[in-house]
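Sequence lines set the chain letters: A, B, ... in the order given, protein chains first and strands last, and positions in each chain run from 1. The model shown is predicted, which means the values in this text are computed figures rather than measured ones.
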Amino acid sequence: MAKELPTRKEDYSLWYNELVKKADLAEHSDVRGCMVIKPYGYSIWEKMQQALDKMFKDTGHSNAYFPLFVPKSLFEAEEKNAEGFAKECAIVTHYRLKTDPQNKGKLIVDPEAKLDEELVVRPTSEAIIWSTYKKWIQSYRDLPILVNQWANVVRWEMRTRLFLRTAEFLWQEGHTAHSTADEAVKETVQMLDVYADFAENFMALPVVKGRKSEGERFPGAVDTYCIEAMMQDGKALQAGTSHFLGQNFAKAFDVQFTNKEGKLGYVWGTSWGVSTRLMGALIMAHSDDDGLVLPPKLAPIHVVIVPIFRTDEELAKISEKAQEIAAALRKQGFAVKFDNRDTHKPGFKFAEWELKGVPVRLAIGPRDMEAGTVEVARRDTKEKQVMRLDEVVEKIPALLDDIQTTIYARARTFRSEVTTEVNSYEEFKQVLNEKGGFLAAHWDGTPETEAAIKEETKATIRCIPLDAKEEAGACIYSGKPSTRRVLFARAY
RNA sequence: CGGGGCGUAGCGCAGCCCGGUAGCGCGCCACGUUCGGGACGUGGAGGUCGUAGGUUCGAAUCCUGUCGCCCCGACCA
């Protein structure tokens with residue numbers, strides 16, 4: 001049992017918060033709603049970044065960087081986008097402080113230093129980027145533009161939670177410009193596939209690919225695609241979005257190009273992003289009451305070696321063997337930690353590395369040295385087995401693969417257990433309250449029905465799955481005809 | 001923005017109702033014994049009690065203001 005970690009059953013929300021803090025992932029900062037991402041947490045984010053960045057580059061994208069500040073006049077150019085974010089924008093109005101004549105040693109905003117035009121701290125970068133693209137694009141020869149940026153954004157949320165919703169967060173945002181609608185739609189879908197691929201294969205997180213309903217669409221987008229994941233408490237989490245922007249931003253910023261036929265037209269756009277919220281998804285999808293469970297592909301440390309010793313002589317002997325194993329594993333690209341601290345006992349170390357979610361732990365003691373064995377413990381199932389010292393190195397890659405597969409399978413099984421087809425509003429409400437999870441139900445396609453269900457049950461349409469099969473049915477709320485089921489859930 | 005809670009040692013908290021100059025657990029430091037699932041003993045260091053003012057001989061405690069954070073809700077690309 002992790003020291004003082006509450007259980008998921010007792011209080012899921014508290015469990016999550018305490019886990020984030022106790023596993024050294026992040027903590028609250030002195031600024032409301034903002035967090036400090038600690039080195040261990042940041043190293044997981046870096047692994048995510050590396051994997052995603054490679055996938056972006058493999059699909060032809062390049063990184064660039066645009067400013068944090070957006071002049072208000074640019075920000076308001078795309079009306080729907082501006083409206084959608086207006087309520088949560090931080091604004092810079094002044095550019096200088098001065099010493100307070102009334103109060104020595106204190107600073108006040110210098111009223112003389114008021115900006116002529118306020119600057120919006122970006123909640124998203126479409127505005128500043130499309131105003132730039134206007135300068136970059138004249139001809140079809142300038143297209144497509146395939147750019148991504150890794151950045152921070154600020155959204156002044158009323159209520160925040162570590163990683164899941166913070167006032168400032170880290171993300172990547174891809175912004176592409178194309179000469180045809182068809183090409184832009186393909187890009188949108190391609191990036192959705194990249195996200196799904198990343199979630200499933202790196203995070204071991206099964207996701208549903210789908211489109212958002214009109215009510216949940218990104219402001220300024222024509223169509224929003226998303227991947228939706230299921231957490232252990234039966235609530236859904238939007239893990240990534242990819243938007244087909246149509247010509248909305250091109251029109252707002254007057255981005256036109258001449259095509260092969262010499263005709264002038266507006267450029268087609270996409271944008272897509274995932275954020276540090278993925279950290280929250282990773283934690284909530286796999287971890288248990290003993291702490292984090294990390295998929296090997298994103299674990300900062302794959303294998304920890306804990307020596308069990310009484311004397312320096314014993315430690316020296318074990319160290320030699322441990323370093324040998326560590327070196328052999330590192331050569332294969334694995335991150336290995338040899339925890340030779342003599343300030344903590346083995347039991348403490350076991351608990352600590354479990355809390356931090358290290359996938360595989362090796363314990364080597366005098367008995368092992370004598371017998372030529374090593375105890376191998378896997379974090380996901382807590383199973384232990386004894387292996388021969390001379391074959392442990394060759395067995396570990398397969399073990400790590402198995403852990404990756406096992407936690408994915410476990411999450412997938414859980415998701416299917418909490419996904420229910422419901423056929424009436426009564427059944428909908430009952431299942432939602434007793435079991436939670438995804439509810440596959442018929443919907444008449446109107447925003448009114450969606451809003452009414454949300455109002456009455458707090459469940460929203462997470463997405464219209466791309467693979468939803470055509471099936472005649474009746475809307476659970478209005479009884480009107482429907483051609484496919486959509487996924488409802490309570491969500492983060 | 002509504003409701004609730006909390007600011008006292010690095011962390012978690014008690015003390016506050018009933019004012020008398022601050023305590024517990026963990027952690028930290030030293031030494032010794034321990035070490036195969038979160039060790040134990042002994043000794044030690046560490047706090048202008050969020051902040052400003054008021055009442056009082058005396059304030060962590062009572063009063064007023066103020067700042068901040070967290071949780072629940074509403075909201076949420």
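The residue A:Phe350 sits close to a base: some heavy atom pair falls under 4.0 Å. When heavy atoms are screened at a 4.0 angstrom cut-off, A:Gly365 is found touching base atoms of the nucleic acid.
Distance from the side chain of A:Arg155 is smallest for B:rA77 among the nucleotides B:rC35, B:rC76, B:rA77. Distance from the side chain of A:Asn17 is smallest to B:rC71 among B:rC70, B:rA74, B:rC71. Closest to the side chain of A:Pro346, out of B:rG38, B:rG36, B:rA74, is B:rG36. Here the nucleotide nearest the side chain of A:Phe169, chosen from B:rC75, B:rA77, B:rG36, is B:rA77.
Using the Watson-Crick or G-U wobble rule with both distances under 3.5 Å, B:rA39 pairs with B:rU33. In a base pair of the Watson-Crick type (N1 to N3 plus N6-O4 or O6-N4) or a G-U wobble (N1-O2 and O6-N3), with each distance short of 3.5 Å, B:rA45 is matched with no nucleotide. Across all strands shown, B:rG25 pairs with B:rC11; the Watson-Crick or G-U wobble distances both stay below 3.5 Å. With both pairing distances under 3.5 Å, B:rA52 is matched to B:rU64 as a Watson-Crick or G-U wobble pair. Across all strands shown, nothing is found opposite B:rC16 as a Watson-Crick or G-U wobble partner with both distances under 3.5 Å.
Rounded to whole Å, the separation between the P atoms of B:rG7 and B:rC40 comes to 29 Å. Taking atom P in both B:rG27 and B:rG15, the straight-line distance is 23 Å, to the nearest Å. Distance noted for atom P between B:rA60 and B:rU55: 16 Å (whole Å). Straight-line distance between the P atoms of B:rG37 and B:rA74: roughly 47 Å, to the nearest whole Å. When the P atom is used for both B:rU42 and B:rC26, the distance is 12 Å, rounded to whole Å. Taking the C1' atoms as reference points, B:rG23 lies 7 Å from B:rA14, given to the whole Å. For the C1' atom pair drawn from B:rC11 and B:rG46, the interatomic distance equals 13 Å after rounding to whole Å. Rounded to whole Å, the P atom of B:rA39 lies 40 Å from the corresponding atom of B:rC17.
Of the residues in residues 367-390 of chain A, those placing a heavy atom less than 4.0 Å from an atom of RNA chain B are A:Arg367, A:Asp368, A:Glu375, A:Lys384, in numerical order.
Between A:Lys345 atom NZ and B:rC35 atom C1' there is a gap of 5 Å when expressed in whole angstrom units. Here B:rG12 presents its P atom at 13 Å from CG of A:Leu14, a figure rounded to the nearest Å. Distance, A:Ile308 CD1 to B:rC35 P: 12 Å, rounded to whole Å. When rounded to the nearest whole Å, the span between CG of A:Leu5 and P of B:rG12 equals 15 Å.
Ionic pairing of A:Asp288 and A:Arg379 is present here: one or more N-O contacts between side-chain nitrogen and carboxylate oxygen are shorter than 4.0 angstrom. For the pair A:Asp223 and A:Arg211, the salt-bridge criterion is met [side-chain N within less than 4.0 Å of a carboxylate O]. Taking a cutoff of 4.0 Å between a charged side-chain nitrogen and a carboxylate oxygen, A:Asp380 and A:Arg378 qualify as a salt bridge.
Nearest-nucleotide mapping onto RNA chain B: of A:Ser13 and A:Tyr492, the residue sitting toward the 5' end is A:Ser13. For the pair A:Glu352 and A:Glu157, both in contact range of RNA chain B, the more 5′-proximal nearest nucleotide belongs to A:Glu352.
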- Task: Apply the test salt bridge (Lys or Arg N to Asp or Glu O under 4.0 Å) to residues A:Arg341 and A:Glu352: give CA-CA distance (whole Å), side-chain angles for both, the deciding distance (0.1 Å), then the verdict.
- Result: CA-CA 13 Å; A:Arg341 288 176 293 177; A:Glu352 182 169 281; 3.0 Å; yes
- Could you go step by step and tell me if A:Lys87 and A:Glu157 meet the salt bridge (Lys or Arg N to Asp or Glu O under 4.0 Å) rule? CA-CA 9 Å; A:Lys87 301 185 301 293; A:Glu157 302 282 356; over 6 Å; no
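A:Trp272 and A:Asn148 are not linked by any side-chain donor-acceptor pair at a separation below 3.5 angstrom, with hydrogens and angles left out of the test. For the residue pair A:Thr93 / A:Glu118, no side-chain donor-acceptor distance below 3.5 Å is found, with atom types taken as modelled.
One N or O donor and one acceptor, one from the side chain of A:Glu354 and one from the base of B:rG37, sit under 3.5 Å apart. A donor and an acceptor atom sit less than 3.5 Å apart, one in the side chain of A:Arg361 and one in the base of B:rG37. Within 3.5 Å, no donor on the side chain of A:Arg310 pairs with an acceptor on the base of B:rC35, nor the reverse.
In terms of the side chain to side chain contact (heavy atoms under 4.5 Å, CB included) criterion, residue partners of A:Pro144 (sequence neighbours excluded) are, by chain and number, A:Leu146, A:His178, A:Glu183.
In this structure, A:Lys22 does not reach the B:rC11 phosphate: none of its side-chain N or O atoms is under 4.0 Å from OP1 or OP2. Here A:Lys349 does not reach the OP1 or OP2 of B:rG36: none of its side-chain N or O atoms lies under 4.0 Å away. Taking 4.0 angstrom as the limit, A:Arg159 places a side-chain polar atom (N or O) nearer than this to OP1 or OP2 of B:rG73. Using a 4.0 Å cut-off, no side-chain N or O of A:Asn81 falls inside it from OP1 or OP2 of B:rA77. Regarding contacts with the backbone of B:rC70, a side-chain N or O of A:His28 is found under 4.0 angstrom from either OP1 or OP2.
By the 6.0 Å and 45° rule, A:Lys235 stacks over the aromatic ring of A:Tyr492.
Checked against a 6.0 Å centroid threshold, the rings of A:Phe488 and A:Phe438 do not count as neighbours.
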